[in-house]
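One-based numbering along the sequence shown.
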Amino acid sequence: SAAVVVAEGSPPQTVRVAADISTGGGNESDWEERVTFSLTYLSGDASALAAPPNMTDEGDLTFVPAAYGAVNYTVTANDGGGTVCAGNDTLNRTLTIEVVNVNAPPSFVLVLDPPSLVYTQGDCSPAS
């Protein structure tokens, strides 16, 4: 399994998670096969992401972090070659996307609410 880890509050992400993509051994590259990827939710906190992630056929994962947590997906590569003669056209791997909590400093607004002072013209003392 593999993991992608980003900090909470990060912008949308694009990460290369698959490389050296091949349709398989032997003469399979001559068969007009093309590897495609799909993602299937497996387990974890789906709310860690703003929407389900996507994966391109080039191996790039795109997602938008939403809140801290971890979510697991099954990544399936399929070369469309079929399963004739005991063939295998899919390969599954587990991918974890983890959004880690950032210890942000506390925040507050300082509100000063002094009493209103009313002055009359020519007099420098507050009116009561």
Side-chain angles (χ1 to χ4, degrees):
S1 83
V4 175
V5 180
V6 298
E8 181 181 30
S10 294
Q13 302 287 305
T14 298
V15 180
R16 175 69 44 105
V17 294
D20 298 326
I21 302 166
S22 166
T23 57
N27 64 352
E28 289 190 38
S29 61
D30 297 337
W31 292 358
E32 309 250 343
E33 290 179 3
R34 188 176 122 244
V35 176
T36 59
F37 289 97
S38 62
L39 294 167
T40 306
Y41 172 80
L42 188 59
S43 63
D45 185 3
S47 69
L49 306 179
N54 290 308
M55 190 160 166
T56 68
D57 295 343
E58 291 75 32
D60 294 328
L61 175 74
T62 59
F63 63 95
V64 179
Y68 76 93
V71 60
N72 302 300
Y73 289 89
T74 299
V75 178
T76 301
N78 185 304
D79 70 9
T83 57
V84 174
C85 299
N88 187 353
D89 65 354
T90 60
L91 177 65
N92 295 317
R93 296 286 186 253
T94 301
L95 173 69
T96 300
I97 302 173
E98 183 176 3
V99 181
V100 293
N101 189 20
V102 174
N103 185 12
S107 66
F108 65 95
V109 175
L110 186 59
V111 179
L112 297 176
D113 192 11
S116 296
L117 299 177
V118 178
Y119 293 93
T120 58
Q121 191 172 3
D123 182 7
C124 292
S125 60
S128 34

So how far is it from Thr62 OG1 to Gln13 CD, rounded to the nearest 0.5 Å?
10.5 Å
d(Glu8 CD, Glu98 CD) to nearest 0.5 Å is 12.0 Å
Closest non-hydrogen contact found for Pro12 with Val64 is CB-CG2, 3.9 Å
Test side-chain contact (heavy atoms from CB on, under 4.5 Å) on Leu49 and Ile97 and set out the steps.
CA-CA 9 Å; Leu49 306 179; Ile97 302 173; 3.9 Å; yes
Taking atom types as modelled, is there a side-chain donor on Asn78 or Thr36 under 3.5 Å from an acceptor on the other?
no
Quick one: pull up CG in Asp57 and CD1 in Ile21 and give me the separation to the nearest 0.5 Å.
8.0 Å
So do the side chains of Asp79 and Val35 get within less than 4.5 Å of each other, counting heavy atoms only?
yes
On a heavy-atom basis, which atom in Leu61 and which in Pro53 lie closest, and how many Å separate them?
CD1-CB, 3.9 Å
I need the Phe37 CZ to Leu91 CG distance, nearest 0.5 Å.
8.5 Å
Output for pair (Asn72 CG, Tyr41 OH), nearest 0.5 Å, gives 8.0 Å
Locate the shortest heavy-atom distance separating Ala70 from Thr96; write the atom from each residue and the value.
CB-CG2, 4.3 Å
Heavy-atom check, side chain of Val17 versus side chain of Val75, under 4.5 Å
no
Taking the side chain as every heavy atom from C-beta outward, state whether Leu39 and Phe63 have any pair of such atoms under 4.5 Å apart.
no
Atom of Ser47, atom of Ala66 and distance for their closest heavy-atom approach:
O-CB, 3.6 Å
Which pair of non-hydrogen atoms, one from Pro65 and one from Val6, has the smallest distance, and what is that distance?
CG-CG2, 3.8 Å
